[in-house]
Asker: 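Questions regarding the structure given below will be posed in turn.
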Amino acid sequence: MTKKLFLLDAMALIYRAYYALIRNPRLTSKGRNTNAQFGFTNTLFDLINKEKPTHLAVCFDTHAPTERHTDFSDYKANRQDAPEDLLESIPDIQRIIRGFNIPVVELDGYEADDVIGTVAWQAADKGYDVYMVTPDKDYGQLLIHPHVYIYKPPYMGNPEEILTAEKICSKWDIKRVEQVIDMLGLMGDSVDNIPGIAGIGEKTAAKLLKEYDTLENILENADSIKGALGEKIRNGREAAIMSKKLATIITNVPVEFHEEDYRLKEWNKDELVTCFTELEFKTLGKRILGDEFNAFHAAPQSIQTDLFGNTVISKTETPVKKEKNIAEEPTETAGLFAEKNITNTPHQYHLADTTESIQSLVSLLMQQKEICFDTETTGTDANNVSLVGLSFSIAPAEGYYIPCPPDDAATKNILAQFAPLFAKEDITWVGQNLKYDLLVLKWYGIEIKGELFDTMLAHYLIEPEGRRSMDLLSAQYLGYEPVPIEDLIGKKGKNQGNMRDVPIEKIKEYAAEDADITLQLKHAFVPLLQEKELDSVFEKVENPLVRVLTDMEFEGVKIDVDFLSQYSTELEKDAKRCEENVYEQAGVRFNLASPKQLGEVLFEKLKLDPKAKKTKTGQYATGEDVLLKLANQHKIVDDILNFRELTKLKSTYVDALPEMINPKTGRVHTSYAQAVAVTGRLSSNNPNLQNIPIRTERGREIRKAFIPREPGRLLLSADYSQIELRIVAAISGDPNMCEAFRLGKDIHTATAAKVYGIAESEVTKEQRYKAKSVNFGIIYGQGAFGLADNLGISRAEAKEIIENYKKEFPNIQRYMDDKINFAKEHGYVQTLAGRKRWLKDINSSNFTVRGYAERNAINSPIQGTAADMIKLAMISVHQEMKKKSWQSKMILQVHDELVFDAVPEEAEDLKKLIIHCMTTAMPLPNEVPVEAEVGQGQNWLEAH
DNA sequence: ATATTCACG
DNA sequence: ACGTACGTGAATATG
């Protein structure tokens with residue numbers, strides 16, 4: 001039998017594990033992040049199980065600098081500091097490795113790849129098959145040695161992969177694996193900050209190597225290589241030589257492969273048990289250590305009769321959610337380290353597909369106080385789908401599914417049987433993302449009375465930054481994995497199947513389970529909302545907003561297609577002219593829409609500003625800020641900026657919006673995401689109607705295309721005045737700023753007067769502009785550098801302005817300090833309505849990371865309070881409009897603005913109502929007034 | 001799939 | 001020495 005040696009690149013695997021799980025971190029009950037420990041252990045165990053190595057070692061990098069660092073100061077320079085919880089995981093991982101009785105190999109002055117390379121070759125010499133376990137492609141060069149392979153662990157849904165020399169060669173399109181380092185010398189490696197030759201990527205590098213075989217030979221023949229490529233090579237000579245050296249793995253480091261040390265031995269189980277217990281690896285611990293870790297007992301079975309008189313055999317003990325702790329053992333389903341032994345739960349899911357069975361289901365449901373429901377549809381755009389079925393659940397592990405035929409009329413007949421249920425008022429309807437289901441049903445003419453409880457929104461408040469797919473929530477809070485939707489309709493993409501084509505029996509299992517799980521989630525979330533004191537913001541803000549948004553999305557907004565198509569032609573013409581101007585001035589034709597090509601033209605061909613900013617991938621930055629600074633160097637910049645503006649407007653708005661018109665209504669229906677923005681704001685998508693241009697002349701035109709749904713109607717637009725600054729003033733209680741608002745002053749002028757120590761009448765336009773910039777900067781936690789950059793003034797001047805500002809508005813400074821200190825102490829900040837945002841990095845020792853958290857601590861309560869306020873206003877406006885049965889409709893929300901499609905007879909009363917609701921929705925402390933303005937017109941631009 | 005750019009508040 | 005103002009979504013280029 002051949003001896004199999006596996007050498008693990010520990011840090012690479014740890015990083016990957018950590019980041020693969022970052023969006024849904026595994027946390028212990030004490031809040032420790034154990035992503036890396038979990039991921040590493042999982043990989044290691046799966047590997048041992050599956051590949052049955054005879055010998056194994058784990059290699060680490062040490063902190064000592066290597067020759068690569070001393071020779072080349074930029075080596076790995078753009079690599080970020082590892083997050084703290086990742087670094088803290090390393091001792092645990094080393095303990096686990098000890099528990100498995102596996103040797104750790106590391107050597108000061110060498111990186112793990114050097115150690116692995118050296119040991120791999122020695123072992124292969126002794127007749128081993130050696131597998132280097134790493135995701136890093138650079139190891140390909142080591143495959144010169146026969147019997148040395150790369151073992152890529154499973155990742156992103158891909159299975160593990162054993163890379164041979166042939167596979168490496170075909171992947172890189174080279175002849176011999178030795179050429180891997182020539183490739184890296186030419187193209188570089190952004191991950192390690194190996195520069196390579198500027199402008200040469202994988203394709204060009206492979207082509208060159210085909211012709212010249214080695215990097216050295218390419219450089220020798222550089223003079224005979226024509227055109228831009230030849231020039232690039234000649235210029236990149238030094239960089240290429242250095243890069244190749246950096247990329248070369250050292251295979252003669254002073255380590256020796258002693259076979260016996262590496263042989264797999266008996267585990268130190270006590271150590272493993274201790275460690276897994278501490279890390280709260282329940283399921284994984286059991287998987288690895290079996291009964292020794294945790295006793296397992298199966299539930300007894302019983303025979304029951306279901307609602308329709310069928311005999312059902314099931315486990316009596318339904319595995320409802322575990323005791324309590326929410327974050328105790330989140331189980332990843334989508335990630336690479338899924339604990340696969342968690343399976344379906346015993347359950348009783350019933351099909352109701354006859355008039356009789358539906359009748360008996362309806363009478364059962366009529367007796368309930370709380371019903372969870374879910375719709376299955378043919379797609380994801382609620383405004384454009386047909387109903388495939390409905391599912392209900394009223395108790396854990398129970399569920400009902402009602403299929404609906406493709407025929408609309410027949411589906412309406414089925415739904416008609418539920419009419420008394422939907423009309424019942426003393427029911428709480430539980431669902432995940434109820435807006436979707438309510439909207440689908442609304443298209444069938446159904447309005448559901450009763451209370452709502454949206455589990456997605458509950459989770460949004462409990463964990464604003466988390467992901468909220470059913471799979472993840474179920475795994476995390478209930479401890480088991482539901483049937484993934486992929487099992488029914490396949491993965492997302494153009495070949496995704498249609499729910500309509502899935503066998504009913506299969507949908508039944510899936511749909512009923514969704515309702516079942518959602519109901520269980522509700523019961524997990526209710527105590528959490530209370531514990532975290534989020535019940536009020538849930539009940540008063542998020543949950544009631546569901547109906548408002550449902551109606552807004554249902555209504556949509558009318559778009560003037562003719563106007564846009566005419567405007568499109570105009571933009572096209574103008575853009576073309578700018579584009580031609582650019583090519584003429586540059587002396588070359590290229591793709592102006594490519595930032596990369598543009599950067600090369602500006603900075604290499606035209607030789608503008610030698611010290612140009614680079615992006616993190618080493619390209620020239622060509623963003624607007626960069627271009628504006630170049631404007632005085634070359635006339636071409638103007639045309640580029642114009643081209644950018646025109647093409648942006650055309651592609652993102654003018655051409656895209658008409659495509660989004662719903663054929664049923666002739667209007668555009670955006671979708672508001674209520675559980676995405678971490679601060680509590682809404683976001684809008686498909687299409688995004690919260691970023692319609694207004695700042696430039698040509699952009700603003702687009703607003704003329706947003707019109708009332710019928711001739712004779714009006715658009716109203718109401719917006720808050722300086723709401724975020726008012727909130728800062730109110731929360732901080734700053735006397736000067738509060739006073740300015742109380743007196744109804746122009747806040748930026750008042751600020752300028754204070755900062756410059758002059759009378760308000762003496763404030764110049766420029767001073768007001770600068771003060772405005774400071775006021776906004778404050779909201780975001782901006783420093784002197786940012787202000788200077790923003791205003792194009794010196795850092796000294798910026799610093800002086802900020803210092804004056806802090807002196808004149810002392811409580812603003814105190815507010816910022818208070819928020820940061822509060823966050824440091826409590827781990828979160830909150831809005832006036834009690835919405836919380838947790839800031840895990842607030843005590844980080846990493847300057848950058850902590851700074852980001854600190855700015856969030858300042859900004860989130862402000863942005864979030866403004867979000868709370870307008871949400872409350874929307875709820876009350878909506879409620880009043882409904883009460884009065886008005887025909888006018890609220891149609892859009894843009895963070896501090898509400899837009900209405902109104903009938904003229906109601907317009908005046910409506911305006912009063914809007915202003916009243918907006919200004920009284922959430923009174924601010926310190927008597928800071930809340931003001932809102934409303935305008936009207938024949939389009940959105942006029943209404944402003 | 002990721003990076004860059006740019007539209008809004 | 002580093003990086004430097006918050007929160008979004010969409011289009012495009014490029015890998």
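Worth knowing before you read on, the calculation uses all heavy atoms, side chains too, and leaves out hydrogens, waters and symmetry mates. In the text below, chain A, chain B and the rest are named by the order of the sequence lines, each starting its count at 1.
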Asker: On a plain distance test, is the side chain of A/R695 in donor-acceptor contact with the base of B/dG9 below 3.5 Å?
Answerer: yes

Asker: Among residues 717-730 of chain A, which contact DNA chain B at a heavy-atom distance under 4.0 Å?
Answerer: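 Contacting residues: none.
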
Asker: Can you see if the side chain of A/T647 gets near the phosphate of C/dT12 - specifically, an N or O under 4.0 Å from OP1 or OP2?
Answerer: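 Indeed not, no polar side-chain atom of A/T647 lies that close.
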
Asker: Can you tell me how far P in C/dT4 sits from the matching atom in B/dA3, rounded to whole Å?
Answerer: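 It comes out at 16 Å once rounded to the nearest Å.
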
Asker: Considering only NZ, NE, NH1 and NH2 on the basic side and carboxylate oxygens on the acidic side, decide whether A/E553 and A/K435 come within less than 4.0 Å.
Answerer: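 So A/E553 pairs with A/K435 through a salt bridge.
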
Asker: Using atom P in both nucleotides, what's the gap between B/dT4 and C/dG3 to the nearest angstrom?
Answerer: 14 Å

Asker: Would you kindly say whether A/D655 and A/S568 are connected by a side-chain donor-acceptor distance under 3.5 Å?
Answerer: yes

Asker: Using a cut-off of strictly less than 4.0 Å between a heavy atom of the residue and any atom of DNA chain C, enumerate the qualifying residues of residues 858-868 of chain A by number.
Answerer: A/N859, A/Q863

Asker: Do any side-chain nitrogens or oxygens of A/R681 fall under 4.0 Å of OP1 or OP2 in B/dG9?
Answerer: no

Asker: Taking only side-chain nitrogens and oxygens of A/Q690, does any of them come within less than 4.0 Å of OP1 or OP2 of C/dA10?
Answerer: no

Asker: What does B/dA3 pair with, Watson-Crick or G-U, if both distances are under 3.5 Å?
Answerer: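 By the stated definition (distances under 3.5 Å), C/dT12 pairs with B/dA3.
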
Asker: Between A/D574 and A/K650, is the closest basic N to carboxylate O distance under 4.0 Å?
Answerer: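 Salt bridge absent between A/K650 and A/D574.
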
Asker: Expressed in whole Å, how much space separates the C1' atoms belonging to B/dT5 and C/dC2?
Answerer: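 It comes out at 25 Å once rounded to the nearest Å.
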
Asker: Are OP1 or OP2 of C/dT4 and a side-chain N or O of A/R855 less than 4.0 angstrom apart?
Answerer: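 Answer no for this pair, as no side-chain N or O of A/R855 is under 4.0 Å from OP1 or OP2.
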
